[in-house]
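Side-chain atoms are counted along with the backbone in the values below, which use heavy atoms only and exclude waters and symmetry mates. Along the sequence shown, residues are numbered consecutively beginning with 1.
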Amino acid sequence: MNWYGLDQKDFAPGGLDLQPLGALAARVVALGFNCVRLPWSLQLFRDDPPVARDVLSANADLWPRDAPAPRSTAVMDATVNALDDAGLMVVLDNHVGRADWCCDERDGDGLWYNSEYSEDDWISTWAMVAARYRGRV
């Protein structure tokens with residue numbers, strides 16, 4: 001199945017405002033899926049922006065006590081870990097450079113690089129992501 005959101009401006013998988021992350025992962029398994037595709041943006045890892053608390057309102061455990069808002073990489077880490085803990089394979093998909101809706105002539109994401117994120121940015125980010133999740137996905 002596909003779980004959108006880490007590639008969008010909220011920097012979080014859809015539904016974390018409605019259900020706990022573990023419950024969503026368990027639901028994926030209960031529905032008979034064994035694999036989740038997680039699209040993500042280069043911006044998520046290169047800028048590590050904060051995630052609005054209302055986007056995570058059903059997941060208070062993702063809110064760090066000492067920070068005004070959780071960071072996007074922490075939310076992705078928690079998502080990958082929850083899916084892996086549920087026995088699901090995770091396919092990481094660098095879907096876009098800048099977090100936003102994709103796939104039209106205006107977004108500039110026709111290739112793996114664009115005017116905002118160079119090919120070197122893409123390669124170095126993928127290397128970091130691969131090292132970060134090695135053994136988990």
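- Both M128 and L92 are part of a single hydrophobic cluster, where members link through side-chain heavy atoms under 4.5 Å apart.
- Atom NE2 of H95 sits about 7.5 Å away from atom CD of Q8, to the nearest 0.5 Å.
- Neither V80 nor Y4 shares a network with the other; the hydrophobic side chains, linked directly or stepwise wherever heavy atoms of I, L, V, M, F, W or Y lie under 4.5 Å apart, form separate groups for each.
- Considering only heavy atoms from C-beta on, F11 comes within 4.5 Å of S41 through its side chain.
- Each side-chain hydrogen bond (donor to acceptor under 3.5 Å, both in side chains) pair with one or both residues in residues 68-77, not counting sequence neighbours, appears once here: D48-S72, D48-T73, D77-R132, D77-Y133.
- Rounded to the nearest 0.5 Å, atoms CG (L83) and CH2 (W3) are 5.5 Å apart.
- Here CG of N34 is found 7.5 Å from CG of L88. Values are rounded to the nearest 0.5 Å.
- Take R46 and apply the salt bridge (charged side-chain N to carboxylate O under 4.0 Å, His left out) test, not counting sequence neighbours, and it matches D121.
- Summarising the geometry, atom CG belonging to L44 is positioned 10.0 Å from atom CG belonging to N94; distances are rounded to the nearest 0.5 Å.
- M76 and M1 fall within the same hydrophobic cluster, where Ile, Leu, Val, Met, Phe, Trp and Tyr residues are linked whenever their side-chain heavy atoms come under 4.5 Å apart, directly or through other members.
- Linking ILVMFWY residues whenever their side-chain heavy atoms come closer than 4.5 Å, directly or via other members, leaves L31 and L18 in distinct clusters.
- Of all the heavy atoms in V51 and A69, the pair that sits closest is O-CB, 3.5 Å.
- The environment of R27 atom CZ is sparse: at most 12 non-hydrogen atoms of other residues, nucleotides or ligands sit within 6.0 angstrom.
- Under the 4.5 Å side-chain criterion, counting only non-hydrogen atoms from C-beta, L6 is not in contact with P39.
- Side chains of L16 and D10 form no contact here, defined as non-hydrogen atoms less than 4.5 Å apart.
- Listed by chain and number, the residues in a side-chain contact (heavy atoms from CB on, under 4.5 Å) with A23 are Q19, P20 (sequence neighbours excluded).
- Contact check for T125 versus W40: side-chain heavy atoms found under the 4.5 Å cut-off.
- Between L21 and T79, some side-chain heavy-atom pair lies under the 4.5 Å cut-off.
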